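Everything numeric in this text was worked out from a predicted model, so none of it was measured. Counting starts at 1 for both ligands and their atoms, in listed order.
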Amino acid sequence: MYSVESNFLRLRLMLGKDYLGAMPSWSPGKEQVQVTSYNLIMDVDFQQLKFTGTVSIRLQSEQDAVLNSAGLEIQSILLNDRPIHFRQNGEELIVQTGPFEGLLEVKYAGIIPDSLAGIYRAPYDHTQIVTTHFEAAQARRMLPCIDHPDAKAEFKIAVKIDRELTAISNMPIESVIPDGEKKLVTFRKTPRMSTYLLYLGIGMFQEQIEKLEKTDVIVATTPGKVKLGTFSQDEAKKAITFFESYYAIPYELPKIHLIAVPEFAMGAMENWGAITFRESALLIDANSTTKTRKRVAEIVDHELAHQWFGNLVTMKWWDDIWLNESFATFMAFKVLNSLHKDWRIWEDFVRNETAGALGRDCLKKTHPIQVSVKSPDEIEQIFDEISYGKGASILRMIEAYVGEDAFQTGVREFLSNHTYSNATGNEFWNSLENCSHKAVKKIMSTWVQQPGYPMLTVKVDDGKLVLHQERFLTSGATEKGVWPIPLVLEINGHPRNVLMETSEQTLETDLINSLKVNVDRTGFYLTQYVGCEDVLWNSSLSALDKWGIVYDAFAFLLSGKMSFPDYMKLLKRFTTEVEYLPIHEISDHLSLLYTIARPRISEFSAAFHRSQLGILRGKSDENGMVLREAVASRLALVDDQYSRELGSKFGEYSQVTPEMKQAVALAYARSTENYDNLLAAYRKSNSDEDRIRLLTAMTSFTNPSLVNRTLDFTLTKEVKRQDTRIILATAAGNPDARDITWKWLQQNIGKLQALYKGTGILSGTFLSTIPLLGIGKVEETRAFFKQHEIHDSEVGISAGLEKLFVYDRLAKTLS
Ligand SMILES: [Zn+2]
């Protein structure tokens, strides 16, 4: 799965019920029910949005069989053709089978709600598609099943639908048989797979098919959009070829669908053979920016990486979900690096994935990468920066330690050992250790089980390098902690690798003239040079090294380990910097500081962004254009004259180059406060990418009541439900509208909960908005969330409150 936060929403504003735990027999790895296959027939009423189903489950059980079922009306159950008693307990369906082996046939009925999880209705243009999203524990909303990643089975699916409609599932269609007014569409049997990867889509799909040796690569969209999937289709073909060679295992299914879903809470979902995307994560039009093309390619590659790592070989239980997600994240960048050299994609990796994870994991309220989870609410909340970005960064660190070839051999061994089955993180480390003959297990077990990460202090003492590690916390608190760190150093221009396993280590060296620790930022830790900054500046610094320097400095500023004047002194070194990566990072920091302490930063931010805009003016490469848009948008916030100039181009918005559209719309909002014209443009727009741009601009007014209007507007039918929370997060970054956005959030919290029920994604929204909205009113914010407990967002709320403390403290220091 690709959650929206992990990249798209990372504005870099740094931004129950215990169902499964209730039955001890459900702990992973101790199966008392063995399921072999499901045979499902559904009759779907597309107009009335309901369905009936009959599922025959072949299983073997040592005691009463316990299935999962949610929101379904169970009508009857037959055991080997004889009726049998059953009862429901929450989402458990307990069938009084006793020990048995054979067929359980369940007849049931269900509805298709306007939700964003399970089987649901995704509306567009006064009609809809019916679609599904089952990860983590929502397949039970379409069929009674053992809804557990370890309970792999074969699925044979058939649906009765209206004749004019199309159905898509994981496998190709085997037969279509007319049945009265309807038709029965039967799909070929799937390989053994987990329930969370099932897919069913019904609607007026338009398809575009390309052949890749044995695999059909198919884009499916609502009518009129299928051509916009061409970019993704090309990317998919190349990525499949890459993975088949990298993994040394061919793609297993005869086809792969890339499906654009009009309403989708996530970025995308890797259902085996039928990947779903929100439209803006799949479709590219003439007005799409490089940033969007990069993101779309990354998401396509991420989901395809899962077809092997996740789908073919699956984690045993959700505590290893990080293995799925971090691996897919890491592999996506590997493919991008191979297919799009000009993008210098590892720079995006550190700025998005590594920084996102460092920014999340510096809180006391974090969790280890591998985390014990039981209930669906808990599971949904761990699809976060730790499971994706930290895990992926650790994989990058370990690859740098064992070498690319040994890493690849280890991956191949792991996959071939566990095909069509389940495996744990430990088994992955075993493979990497076998193939590299290096101490992978020892390193990884600490990194995945210990929360947080270290800060390394470096001192140079003639002929000696003294290193010390402790846990880094953004609050500034000190806490002991030791991680086995595979250090990659460069001393006087010579590389040196050391495994640091203690809190303090001294290395004998020649006299040190130049020194880099954490070369190219492959390591997941911060570095503070104490009294020896000169040796750092003496070394030859790559873009990634410079990024590390500015990233760490900002983290130290937030935690109180660096003073504001020292931080500004460091930034001044970069005013005429030409490497995009550190500039983008600094621009992000200035953008956050603008939100936290505008009066102290505006002047410097204006000068910095003006200087950079001058440097970037002559650049026409794709990365340069991405940065120029960010720089122009940020300059428009702090330079009224520039804002007026740039905003005046909104009159010819359709003529503005795609790369500058966001900055122009934002500048127009700031300089004219013209809500109606932006709304009119929104209504005329026909792409999600552009609509989000315009809505983002509509949260940037200096007049707070206009921002309030925008927020109200996001709750109307004119805005996709999937996007409401994204717009809320952008509004939270506007200090002019902070109070009104906070009030709006309090008043509409019930509506937001209803909108995203079952998805767990509000957790991330709270994490990104609370630290900004609560500045200046920490106690009030705490009190509100104490009164309003939101079970599926507890993690994000408590982490958000902790981050708020840090931002508020900095706001006070700088006021
Ligand atoms: Zn994923």
May I ask you to say whether Lys316 pairs ionically with Asp150, meaning some side-chain N is under 4.0 Å from a carboxylate O?
no

Inspect the contact between Arg351 and Glu347 and indicate whether a charged nitrogen and a carboxylate oxygen are less than 4.0 angstrom apart.
no

Measure from the side-chain N and O atoms of Glu244 to the backbone N and O of Tyr251, and report whether any donor-acceptor pair falls under 3.5 Å.
yes

Presence of salt bridge, Lys334 and Glu399, under 4.0 angstrom:
yes

All side chain to side chain contact (heavy atoms under 4.5 Å, CB included) counterparts of Gln233, not counting sequence neighbours
Gln208, Glu210, Val217, Val219

For the Zn ion (ligand 1), report each protein N, O or S atom nearer than 2.8 Å, sorted by chain and then by residue number.
Met1 N, Met1 O, His302 NE2, His306 NE2, Glu325 OE1

Lys189 with Glu154: basic N within carboxylate O range, under 4.0 Å:
yes

